[in-house]
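We're numbering straight along the sequence, starting at 1. Quick caveat, the model's predicted, so the values are computed rather than measured. Whatever order the structure lists ligands and atoms in, that order sets their numbers, starting from 1.
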Amino acid sequence: MKILLYGATGTIGDSVFKIVKENQEKLRVVAATCNTNYKKLEKLKIKYNIEKLGINNHKSAEKYKSLYCTSNKKLVIGNENFLKLITSDIDVIILAISGLSALNISYDIAKSGKIFGLANKECIISIGPRLISLAKKNKTKIIPLDSEHNSIYRLLESNKKKFKSITITASGGPFFNKKLSYLRNVTPNQAIKHPIWKMGKKISVDSATMVNKALEIIEAKYLFDLSSDQINAIIHPESIVHAAINFNDNSSISLLNKPDMRIPISYLFNLNNNSKEKENIFQQLNRKSLTFHKISHNKFPAIRLAYKVLEIGGLAPHIFNYNNEVLVNLFLQKKIRFLDIVKYNEITLMKFLESNKNIFQPNLKDINNTSIWINKNIFLGKI
Ligand code: NDP
Ligand code: MG
């Protein structure tokens, strides 16, 4: 199986390479990209014999060329040219670039007719309906890698029965047990220390604010064509049950697995027997409890906002998503406070809707124009 890996130098990329290392006879990464971390990309290239590379950041690409003098055929520079890496011999394309910078690439992958391993959640949230119809039209098979959605995808593959709703779980992030007053003063360093998952900075902050779960509620709506009242979220700190399908008779089914991104990624590669663990999940869970808790909307208003965003529809998911990306960056630079991330997001969303017409079924141009408006008008309190 030949793999094109966008975002190879991140934490999802690390999980992909761990699997590839153990399955070298079946899997090969033939092309891989990064934004600035060209040194890590070069190490990966040598270790895994990768044929073609992509570097988004132009300065980093120049440094790369001067250090390793690669021919132009083997190096693609700038996201806008990453499409060139989609060649006919590739079987699976993984999108593990973080954030909305991957928007155009997500379109290109949806058009490719390949198997599309979707880790990036931001693109599907901003332009979900179009991305999904594009994939359908071009026979591109989207397999979600986000653990909750991957669970639902697998459950739906094996159960064709009509269901009532789905439940996705949240670990609760680093502040699940903290009081609201504590959240006022948390620092970026505290927010990026996730108790369960090792992830990039942006998604770690999203987990701490619960915006990650809010984004995942929207992601689930688009991926599985659900109405918002069919999706609910609960906190499950042990992160063993990632999601469930709930039937009309009030029975539910779910998949149990350790919180390890290698599980959804192995599923993408159709690898059945690559686990070396001797004990099954129930034996591993011996004497451990699985707990579930309601999400406090007071402490985590992002969840309430997700449903409001779905109700408004049109551009609202993109506005919520893009605002969040801008605000998380400002929080990481210590320019705004933790609780301001969701607060300013909602204020900006309402401000947008007061002064602009909402567009239903927005296209890429509408999305980009909205981002430009947000860059100029985002509410940032007094800074
Ligand atoms: P990381 O921040 O660890 O990695 C991001 C990757 O994208 C890196 O390769 C980075 O390159 C590249 N990248 C960043 N910005 C750009 C850009 N502007 N143009 C091109 N490439 C860029 O993120 P994660 O691996 O944790 O997450 C990746 C995606 O997967 C996110 O959308 C996240 O929401 C989603 N996801 C992640 C999970 C996880 O467990 N990590 C779980 C579920 C979903 P460089 O190294 O050079 O900066
Ligand atoms: Mg997830």
Can you establish whether the number of heavy atoms outside Lys39 located under 6.0 Å from its atom NZ is more than 12?
no
For the residue pair Lys178 and Tyr182, would you count it as a cation-pi contact if the rule is NZ or CZ under 6.0 angstrom from the ring centre and within 45 degrees of the ring axis?
yes
Lys351 to Phe379 six-membered ring, cation-pi geometry met (6.0 Å, 45°):
no
Taking side chain as C-beta onward, heavy atoms only, is Tyr322 less than 4.5 Å from Asn375?
yes
Would Asn56 count as being in polar contact with ligand 1, using the rule that some N or O on each side must be under 3.5 angstrom apart?
yes
I'd like to check whether Ile12 has a polar contact with ligand 1, where a contact means an N/O of the residue lying under 3.5 Å from an N/O of the ligand.
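Between Ile12 and ligand 1, an N or O pair is found under 3.5 Å apart.
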Counting heavy atoms only, which of Leu41, Asn150, Asn79, Thr36 is nearest atom 20 (C) of ligand 1?
Asn79
Ignoring hydrogens, just give me the one of Ser98, Cys123, Ala32, Ser207 whose non-hydrogen atom is nearest atom 31 (C) of ligand 1.
Ser98
I need the contact type for Lys202 against ligand 1. Using non-hydrogen atoms and a strict under-4.0 Å cut-off, is it side chain, backbone, both or neither?
neither
Contacting atoms of ligand 1, where contact means under 4.0 angstrom from a heavy atom of Ala119:
30 (O), 35 (C), 36 (N), 44 (C)
Give the atoms of ligand 1, by number and element, whose distance to some non-hydrogen atom of Thr9 is under 4.0 Å.
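So the atoms of ligand 1 that pass are 8 (C), 9 (O), 10 (C), 11 (O), 45 (P), 46 (O), 47 (O).
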Give a yes/no on ligand 1: does Ala8 have at least one heavy atom closer than 4.0 angstrom to it?
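It does; at least one heavy atom falls under 4.0 Å.
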